[in-house]
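Quantities reported herein were computed from a predicted structural model and do not represent experimental measurements. When reading the values below, keep in mind they use all heavy atoms of this one structure, side chains included, and skip hydrogens, waters and symmetry mates.
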Amino acid sequence: MSSLETRHVRLPRLAFVVRNLFALFLFGTGIMTMGFGLNGYPVDQTPDEVGRFMIALQATGYLIFWVGLFKTIAGGLMFFPRTAPLAILMSLPYAFNILLYVTLFARQFLAIGLPDFGACVFLLYCYFDWYRPIFAAPDTSSLPDPMEDANAV
């Protein structure tokens, strides 16, 4: 039986709901973040440390827009079951970065950052059968014997 036939999603109904909610979140906030990259990040006249950080990121000229584009693409791919495992892997660096950002710097956004990371980790667990070949030993049974080719003349 091929490895593609043995792949299944753990907790499929819950995974479906979490995947679609996470995809909506990534897609929507990705579009919003691209807007911030194009129009500037909205901050008060006297920004706090989070606002100053975002102004510094905006000064780079590219980071915010490209993060938004990446989130939008990952969220869009996550809507489709065939590309969901790839989209989950694509969203992992973003979700981990947001976890670090909200726990170490912007604690007022913990209510957004923790579920964001939690959804990503949960989906990694649900789709782990798709990632199992990455960790498996290589299958050498289908490789040709090099001695057979040497005597072919």
Table please: side-chain donor-acceptor pairs of residues 106-114 below 3.5 Å, with sequence neighbours left out.
from: Arg107; atom 1: NE; to: Thr103; atom 2: O; distance (Å): 3.3
from: Arg107; atom 1: NH2; to: Thr103; atom 2: O; distance (Å): 3.4

task = State whether the number of non-hydrogen atoms from other residues, nucleotides or ligands found under 6.0 Å of Phe96 atom CZ is greater than 12.
result = no

ask   = Which pairs with one or both residues in residues 11-31 pass ring-ring contact (aromatic ring centres under 6.0 Å, His included), sequence neighbours excluded?
value = none

Nearest non-hydrogen partners of [X] and [Y], listed with the distance:
| X | Y | result |
| --- | --- | --- |
| Tyr125 | Arg10 | O-NH1, 2.8 Å |
| Gly75 | Ala23 | O-CB, 3.4 Å |
| Met78 | Leu123 | SD-CD1, 4.2 Å |
| Met90 | Leu77 | SD-CD1, 3.8 Å |
| Gly30 | Thr72 | C-OG1, 3.1 Å |
| Pro85 | Tyr131 | O-OH, 2.7 Å |

ask   = For Tyr127 and Arg19, what are the C-alpha separation, side-chain angles and deciding distance, and is it a side chain to side chain donor-acceptor pair (under 3.5 Å)?
value = CA-CA 11 Å; Tyr127 284 86; Arg19 179 174 56 90; 3.1 Å; yes

inquiry  = I'd like to know if Ile31 and Phe65 are part of one continuous hydrophobic network [Ile/Leu/Val/Met/Phe/Trp/Tyr, side-chain heavy atoms within less than 4.5 Å].
reply    = yes

task = Could you state whether Val121 and Ile88 fall into the same hydrophobic cluster, counting links through intermediate Ile, Leu, Val, Met, Phe, Trp or Tyr residues with side-chain heavy atoms under 4.5 angstrom apart?
result = yes

Are any non-hydrogen side-chain atoms of [X] and [Y] less than 4.5 angstrom apart?
| X | Y | answer |
| --- | --- | --- |
| Pro133 | Arg7 | yes |
| Leu89 | Trp130 | no |
| Met34 | Ile64 | no |

Side chain to side chain donor-acceptor pair (under 3.5 Å) involving Arg52 - partner list, sequence neighbours excluded = none

request  = With ring-ring contact (aromatic ring centres under 6.0 Å, His included) as the test, would you mind laying out the steps for Phe105 and Phe53 before giving the verdict?
outcome  = CA-CA 10 Å; Phe105 187 60; Phe53 178 74; 5.1 Å; yes

